[in-house]
> 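Have a look at this one before I ask anything.
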2 protein chains.
Amino acid sequence: MKSTTTGDPALIRRINTGIALDAVLKGEPLSRAAISAGTGLNKATVSSLVQDLLDRGLLTETGQGASSGGRKPVMLEFRASAGCAIGIDVGATYLMGVRADLRGEVLAELRRPMEAAGGRSVMEQLIGFIEELLPKQPPQPYGVVGIGIGLPGIVDGAGSLLLAPHMDWEPTEVARRLEERFGVPVHADNEANFGAQGERIFGAAAGIRHLVYVSAGMGIGTGLVLDGQLYRGASGFSGELGHLSIQFDGPACRCGNRGCWERFASEQAALESAAAIGCGSLEELVQLAEQGHSEALRIWDEIGSYLGIGIATIINVFNPEAVLIGSRLSMAARWLEPAVQREVQARALPFHRRQARVRFAELGDGSAVRGAAWQAAEGFLARVKAGEA
Amino acid sequence: MKSTTTGDPALIRRINTGIALDAVLKGEPLSRAAISAGTGLNKATVSSLVQDLLDRGLLTETGQGASSGGRKPVMLEFRASAGCAIGIDVGATYLMGVRADLRGEVLAELRRPMEAAGGRSVMEQLIGFIEELLPKQPPQPYGVVGIGIGLPGIVDGAGSLLLAPHMDWEPTEVARRLEERFGVPVHADNEANFGAQGERIFGAAAGIRHLVYVSAGMGIGTGLVLDGQLYRGASGFSGELGHLSIQFDGPACRCGNRGCWERFASEQAALESAAAIGCGSLEELVQLAEQGHSEALRIWDEIGSYLGIGIATIINVFNPEAVLIGSRLSMAARWLEPAVQREVQARALPFHRRQARVRFAELGDGSAVRGAAWQAAEGFLARVKAGEA
DNA sequence: CTTGGTTTGTTTAGTAGACAAACGAAGTTA
DNA sequence: TAACTTCGTTTGTCTACTAAACAAACCAAG
């Protein structure tokens, strides 16, 4: 019944290995001397740690840097090509995936529509899709270090999909089954959680520690980054902010509650309004707005208002630094934004409003795949630092 | 520009000291051999660590335990009397305080109404109140190790009161000024945050890692414990769940938003309804309910419904293990509870509902003082483990 | 083109602290 | 009483960090 990891010399080594590696990741290219100065570790210690990391193929020497009056430093860089990570976004109607290096930079990309019902199961399609993304020649020495899978539904802490409201998918142990199939760690999580990570690392929320990512698609999903890390509730799956009620006596939702936010502010809500003017898709509604169609503009303004109303509540509750709106609805950012900002200005508490920026996602519909791939790579680095790889 | 604490033998020593101390705190009385077995630390290491802690007065040997077939073990206990901590709850109309030992157990208690306007300032009263709580003979060897102050308003990360809606108090650097005055660390925070801690450690939420504490008084304040620790938003002050909107087109609130929860479910809301039946205080309204007064029962049911509506949203958003209702309204727990549970059952998502328990606070109006004192003591222990004391 | 000062990175010696094993003291059971 | 357990300490070994010394590499000024 070990309570915590007990401290011994090996722990020191692991800690310092992590510190050195992080230093290079943040400030590359970097010399041994610079690492020592930046971290407080002794020069000798840094030399030893760097030698280990070179031997493990995680760093490379990339030649000499500029002298600052004495011997030229040997510059070190992280070897992002020592392995690769796979990131997948499973949408209700599409599959999207990337192969990325250990830094999360995209090496290959693939997307395709989901096959019509009656054909192969979603799981079979997913496995085939991943196989196509795998590298022909596995990178040395680590090969594929992990797979991240964003799913459109409720996912528990073990990476099992429990509920997928907008698609035909039974509860499935996605992570476990893929781990068995491919023999590498699999991180399965809600697509919005990965979207939040993607934007935080590569997109509009760089370096932000308190972030709410609103994935406005058919329904509304959310990814919460609190204090720099993904928040999962007590059960391991994240808050369902789509079912935040904004009107306690409003229309009943299939979840049992009344006046749920996603009934007012999702793609579905937009399509319902759009039907009245004979318009059947978001793309069409965007086009009408571009042509100045007044009713279309009114619909976007209305959806934007409701988005803003919910976001104001989110700001009051979480006091985040940023709220990012992503997924399908972000294609109409231009027409939604004024209404969103108007409601947030009017409704959020002054103290919190001053802090929070409300923006649209920068990576568009790519936030989730990028985040998923990054998570897989990051998991590998965490294992390295923990001495498991 | 040191990035992190670098790993060296002293760090290991601190880590292991913390592990040993925690083992005793959780399982006392405990022998050295039992600590070794329970933590995985070597017997020799434990002996050395325990000797240090004995020398520092943090542990005592309390005689021999029962043999299990060999030499009798020497039992060790945490010396909670090595210092003491002060906890204060500043209410809008009262002051309440305790002196506690290092485990947070109450040694002395004091409460008094706030002086009428025109007399001494709140700060002056507070300082005098603390002075009365200080021990005549400071406990050896650490004396007063810290002060925790729960405040009825928005408090930032530095312990400054920014806004106190229900009382006459300018923005004040409470923590800094008291630290200067008393020369010990001061933790100032929102009263609801300490209430959450109090219930988590000593009350109805023992050991729960995801907790929302709803302090239902004149307004509604909340304390959020996420993943075992207090959540403070980006600005350092906690979410204002009282201004969670439950009806986007509802009545305007002074905060600028519409349909704020605390307009429906606070003491103030209850009093507004009660005025119609000529009733002027919560206590009176409780009494009427006890006598079976039907209109009074209806009012409690209504307030309970609104409480439940907000709590259902909170459950959907945070997916906590427990929601605790504390402060003044908890005196009517008996009449509120059915309505609260009814709405939560009807509105919270099935997945989350199964997880979350909704209860009333166990420590009554004492949650916050207890939590404040515990926080001060805990801060001391954290400093011990960090090697600063 | 030499000389002096600087910077980089390695080598060497010393130290803190954990662990394993052996041991004496104190108990229990047969 | 003898044999076996358990507790806690002592002793020696090992790991990994630090400080200091050092060699190599480099710049710049005379």
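Chain letters run A, B, ... following the sequence lines, proteins first and then strands; every chain starts at 1. Every heavy atom of this structure was used, including side-chain atoms; hydrogens, water molecules and symmetry mates were not.
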> Give the rounded distance in Å between these two atoms: CD of B/Q51 and P of C/dG17.
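B/Q51 atom CD is separated from C/dG17 atom P by 15 Å.
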> Is a salt bridge present between A/R103 and A/E28, judged by a nitrogen-to-oxygen distance below 4.0 Å?
yes
> Go through C/dT10, D/dA16, D/dT18 for me and flag the one nearest to the A/T45 side chain.
D/dT18
> What is the separation between atom CD1 on B/I12 and atom P on C/dT15, rounded to the nearest whole Å?
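It is 19 Å, rounded to the nearest whole Å.
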> Could you check whether A/V74 gets within reach of a base, just the sugar-phosphate, or nothing at all, counting any heavy atom under 4.0 Å?
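A/V74: backbone/sugar contact only, no base atoms under 4.0 Å.
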> On DNA chain D, compare the nucleotides closest to B/S48 and A/P9; which residue's is nearer the 5' end?
B/S48
> Just jot down the side-chain contact (heavy atoms from CB on, under 4.5 Å) partners of B/S31, sequence neighbours excluded, or say none.
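With neighbours one apart ignored, the set is B/A33, B/A34, B/P73, B/M75.
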> Could you tell me whether the phosphate oxygens of C/dA18, OP1 or OP2, come under 4.0 Å of any side-chain nitrogen or oxygen in B/N16?
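For C/dA18, OP1 or OP2 has a side-chain N or O of B/N16 closer than 4.0 Å.
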> Starting at atom CG of B/D52, determine the distance to atom P of C/dA16, rounded to an integer number of angstrom.
14 Å
> From C-beta outward on B/A33, which listed nucleotide comes closest to its side chain: D/dG8, C/dT8, D/dA16?
D/dG8
> Of all residues at least two apart in sequence or in a different chain, which pass the ring-ring contact (aromatic ring centres under 6.0 Å, His included) check with A/Y142?
A/F380
> Students often get this wrong, so: under 4.0 angstrom with heavy atoms, is A/S31 touching a base, only sugar-phosphate, or nothing?
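Answer is sugar-phosphate: A/S31 comes under 4.0 Å of backbone atoms only.
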> Give a yes or no on whether the backbone of A/T60 and the side-chain of A/R79 come within a donor-acceptor separation of less than 3.5 Å.
no
> Do the side chain of B/D189 and the main chain of B/N193 share a donor and acceptor less than 3.5 angstrom apart?
no
> With respect to the phosphate group of D/dT9, does any side-chain polar atom (N or O) of B/R32 fall under 4.0 Å of OP1 or OP2?
yes
> Please list, for nucleotides 19-21 of chain D, all pairs of protein and nucleotide N/O atoms separated by less than 3.5 Å.
from: D/dA19; atom 1: OP2; to: A/N42; atom 2: ND2; distance (Å): 3.4
from: D/dA19; atom 1: N7; to: A/N42; atom 2: ND2; distance (Å): 3.3

> With respect to the phosphate group of C/dT10, does any side-chain polar atom (N or O) of A/S47 fall under 4.0 Å of OP1 or OP2?
yes
> List the steps and the verdict of side-chain contact (heavy atoms from CB on, under 4.5 Å) for A/I15 and A/I19.
CA-CA 6 Å; A/I15 291 174; A/I19 292 176; 4.0 Å; yes
> Is any NZ, NE, NH1 or NH2 atom of the basic residue among B/E362 and B/R370 found under 4.0 Å from an Asp or Glu carboxylate oxygen of the other?
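No.
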> Tell me every residue that passes side-chain contact (heavy atoms from CB on, under 4.5 Å) with B/E321, counting only those two or more places apart in sequence or in another chain.
A/A234, B/I208, B/R209, B/H210, B/Q355
> Would you kindly give the CZ-to-P distance between B/R14 and C/dA18, to the nearest whole Å?
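So the two atoms are 12 Å apart, to the nearest Å.
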> In whole angstrom, give the distance that lies between atom CG of B/D8 and atom P of C/dA18.
12 Å
> Check nucleotides 26-30 of chain D for protein N or O atoms closer than 3.5 Å to its own N or O atoms and list the pairs.
from: D/dC26; atom 1: OP1; to: A/Q64; atom 2: OE1; distance (Å): 3.4

> Could you tell me how far apart A/L41 (CG) and D/dA16 (C1') are, to the nearest whole angstrom?
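Roughly 12 Å, once rounded to whole Å.
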> Please give, in whole Å, the distance from C/dT8 P to A/L76 CG?
12 Å
> Among A/L381, A/D22, A/L30, A/D101, which residue satisfies the side chain to side chain contact (heavy atoms under 4.5 Å, CB included) criterion with A/F78?
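That would be A/L381; it is the only one of A/L381, A/D22, A/L30, A/D101 passing the side chain to side chain contact (heavy atoms under 4.5 Å, CB included) with A/F78.
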> Check the distance between D/dC17's C1' and A/L49's CG and give it to me in whole angstrom.
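Going from CG in A/L49 over to C1' in D/dC17 covers 10 Å.
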> Would you say B/R13 places a side-chain N or O within less than 4.0 Å of OP1 or OP2 belonging to C/dA16?
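False: B/R13 side-chain N/O out of range (4.0 Å or more) of C/dA16 OP1/OP2.
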> Going by salt bridge (charged side-chain N to carboxylate O under 4.0 Å, His left out), name the pairs with one or both residues in residues 31-59 of chain B, residues two or more places apart or in two chains.
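Only B/R13-B/D52, B/R32-B/E61 qualify under salt bridge (charged side-chain N to carboxylate O under 4.0 Å, His left out).
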